[in-house]
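Report on the following structure.
Please read all numbers here as calculations on a predicted model, not as lab measurements. The chains referred to below are lettered A, B, ... by the order of the sequence lines, with proteins before strands, and numbering in each begins at 1.
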2 protein chains.
Amino acid sequence: MNITEVARRAGVSRSTVSYALSGNRPVSDTTRARIQSVIDELGYRPNASARALANGRTRSLGLVFPPASSHYTDMQLEFIGSVAEAAAAAEHDVLLSASGDGDRALSRLVEERRVDGVIMMEIRLHDERVDYLLDAGFPFVTIGRIADPERTRWVDLDHSALTAACVRQLAGLGHRTIAFVNRSERLVRAGYESAHRGLDGFECAAQEHGVVTRAYRCDDDAAAGEALIERILAEQPRTTAIVTVNEAALGGLYRGLAKAGLSVPRDFSITGIAASRWAEAVTPQLTAADVPAHRMGLLAVDLLLELIENPDSPPRHVLLDQPVSLRASAGAAPAR
Amino acid sequence: MNITEVARRAGVSRSTVSYALSGNRPVSDTTRARIQSVIDELGYRPNASARALANGRTRSLGLVFPPASSHYTDMQLEFIGSVAEAAAAAEHDVLLSASGDGDRALSRLVEERRVDGVIMMEIRLHDERVDYLLDAGFPFVTIGRIADPERTRWVDLDHSALTAACVRQLAGLGHRTIAFVNRSERLVRAGYESAHRGLDGFECAAQEHGVVTRAYRCDDDAAAGEALIERILAEQPRTTAIVTVNEAALGGLYRGLAKAGLSVPRDFSITGIAASRWAEAVTPQLTAADVPAHRMGLLAVDLLLELIENPDSPPRHVLLDQPVSLRASAGAAPAR
DNA sequence: GCTCCTGTTCGAACCGGTTCGACTTCATGA
DNA sequence: TCATGAAGTCGAACCGGTTCGAACAGGAGC
């Protein structure tokens, strides 16, 4: 059941079938109807590889995400889902590529022309994958932005604005010593964008409000969070609040506080940036800026498709702000 | 930089280049070396679409997962990641397809020959997608098994054995009234396999141990879990323990118990099946069978690749058991 | 010296689509 | 009446690989 068979049964040439399907040239109504009835009868569907070969468009998008060695976060899952959904709505597929530094997987996608464009997650301030794609002239959109963001297309959450908002809120509640719980050592070292900008926003706002701060890095799991609380309280006992961007450690942070005999939010406040799922799972629920992963996925696909359609269009990007959802984990600083 | 260009520069025919690359026919060492040096110089990579068209193998696998309307679980994320990883190791790509009941997306993958085979998640006991693929004679592996599992290939966690183990453990601790927290109404209604087999295992074991039970369904979020606890305690006040297969509601269940003034595990025990990430995030940590999502992903890819290589091989499947990780949420039944 | 075999290479056909140029037909306007 | 053009269709070339059959060379065996 290929196009030749359809043409034969409809008594027309292969090109006429093609034109009837694509609409790229006029086909008479009667011919079109005859072709359509053959197609319906046979259940014909054009072969994707052949079509891609002929017109140079695969109609799939690459989604490059970090390999399993690093822990996944809920934000990533939601993001992947929304990208798949948005792509499907535009009749595109999504090709997953778990590609780390060894960018074999990425170059496979690009150089073998498996996809028309790429969405990249877990961007670093200086990211060789971005340089590679720019060099190759291959269409791409990043989630997160590199240090010099003007030449590229991206969707990003304004992490520094959000952590700053958290500090501002805590300062307003009277907190004077606040700790920052960042992502893992490995990610920070690698130059992971959101970790750095989140920290920047935190420190700037803290300085502005005359708050004493200390920043910590924390592995992406509950055990690390629990251990970190102990360390924070030992190193800076006057700490009365935390701003966290590490949602995977959240449950551990809460447990650590409980173990230390601190009740949230009476004795200790905690805020940050997290997927709403995690923010709502902990008790008391976390006052935090929710990561709009779903919206970011849709936007990334939009931007990429636009770029693929029109390769010469100027760089575009979207910087998302996000209100802090007031839940129950931040309160007035305890009297001391 | 296509194969013609490589052939021209190496002074050989296109077929010789092809044979040098594939090894499907002998090529002299000197010729091979000449070709290789041209390839290195040009950075040539064969075009994936052309290759797929010529030899009928796309070297990609489809991964069909539920659409975003239903909530994603951590198990799914880990699974997706490990599938991508295993596929990459075998030089295959993974094509995501968020396909619900309207199986447009699935038939696109299959009929347009975008993939060589399909892995399907969220299997139902009676699943029309399975019937469709069987009819089409298309290679596939399911995560979870249909009611009549002998004809198909699958990887499944033995949910009934696991929930039974949870009941057995709780019964041994003296609990006499135990509630079961299942997945959402929608999923159960749809015939979602793990929900049904989990419930079966729970009820059989309960009967065996003379335990009073009641089964509830719960939406996949914290708020639903919190509300459910209230309902359970109202409808069956003698309940002293819960078995849950709903990891997304877990945080809410804990919160509900705390709100009711019940301390875990002193006043109330809770066990179940959950991704270890969630089990470890709650306080006290959940005694539960961990979902081996990573292993399941690898196995699914193995099974599928084997089937693609050898389409006539007999159905194979893997039923995974999993020990219950003893953490801190289950204890002796309170004296009454 | 001649045949046969093996190793190596080439040309052509093919996979299943898309697209370009050219050829009919037929209606329109001068 | 005849040029003009638009609508509709066809054949051929092309996208970039793979694979089959045949050709050719050189060495072994007779």
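Looking at Thr16(B), its side chain never comes within 3.5 Å of a backbone N or O of Val12(B) through a donor-acceptor pair. With Thr142(B) contributing its side chain and Arg145(B) its backbone, the two residues share no donor-acceptor pair below 3.5 Å. In this structure a side-chain-to-backbone donor-acceptor pair under 3.5 Å is missing from Trp154(B) to Val318(B). Asp131(B) places no side-chain N or O within 3.5 Å of a backbone atom of Leu134(B) that could act as its donor or acceptor partner. Formation of a donor-acceptor pair under 3.5 Å by the Asp40(A) side chain with backbone atoms of Ser37(A) is not found in this model. A distance-only check finds a donor-acceptor pair linking the side chain of Arg34(A) to the backbone of Ala10(A) [under 3.5 Å]. Using modelled atom types, no side-chain atom of Asp116(A) and backbone atom of Arg57(A) make a donor-acceptor pair closer than 3.5 Å.
Side-chain contact, Ser18(B) with Ser15(B): no donor N or O sits under 3.5 Å from an acceptor N or O.
Not counting sequence neighbours, His126(B) has no partner by the ring-ring contact (aromatic ring centres under 6.0 Å, His included) test.
Sorted by first then second residue, the side-chain hydrogen bond (donor to acceptor under 3.5 Å, both in side chains) pairs that include residues 42-51 of chain A, not counting sequence neighbours, are Arg45(A)-Ser107(B), Arg45(A)-Glu111(B), Arg45(A)-Glu112(B).
If you find the closest nucleotide of DNA chain C to Ala50(B) and to Arg25(B), the one lying nearer the 5' end belongs to Arg25(B).
When heavy atoms are screened at a 4.0 angstrom cut-off, Thr31(B) is found touching the sugar-phosphate backbone but no base atom. If you check every strand for non-hydrogen atoms under 4.0 Å, Ser18(B) touches a base. Contacts of Ser49(B) with the nucleic acid, taken as non-hydrogen atoms under 4.0 Å apart, are absent. Among the protein residues, Pro46(B) comes within range of the sugar-phosphate backbone only, with heavy atoms under 4.0 Å from sugar or phosphate atoms but none that close to a base.
A heavy-atom distance below 4.5 Å is not found between the side chains of Phe65(B) and Ile119(B). Within the 4.5 Å cutoff, the side chain of Leu61(A) has heavy atoms near those of the Leu304(A) side chain.
Listed by residue number, Arg14(A) are the residues of residues 6-14 of chain A with a heavy-atom contact under 4.0 Å to DNA chain C.
Just one residue in the list Asp302(B), Leu319(B), Leu299(B) forms a side-chain contact (heavy atoms from CB on, under 4.5 Å) with Val155(B), and that residue is Leu299(B).
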Restricting to nitrogen or oxygen on both sides, can you table the protein-nucleotides 25-28 of chain D pairs closer than 3.5 Å?
none

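The terminal axes of the helix from dG1(C)-dC30(D) to dA30(C)-dT1(D), fitted over 5 pairs per end, subtend an angle of 50° to the nearest 10°.
Contact check, Ser15(A) against dC10(D): no side-chain N or O comes under 4.0 Å of OP1 or OP2.
Interface limits on DNA chain C: the 5'-most and 3'-most nucleotides within less than 4.0 Å of chain A heavy atoms are dG16(C) to dA22(C).
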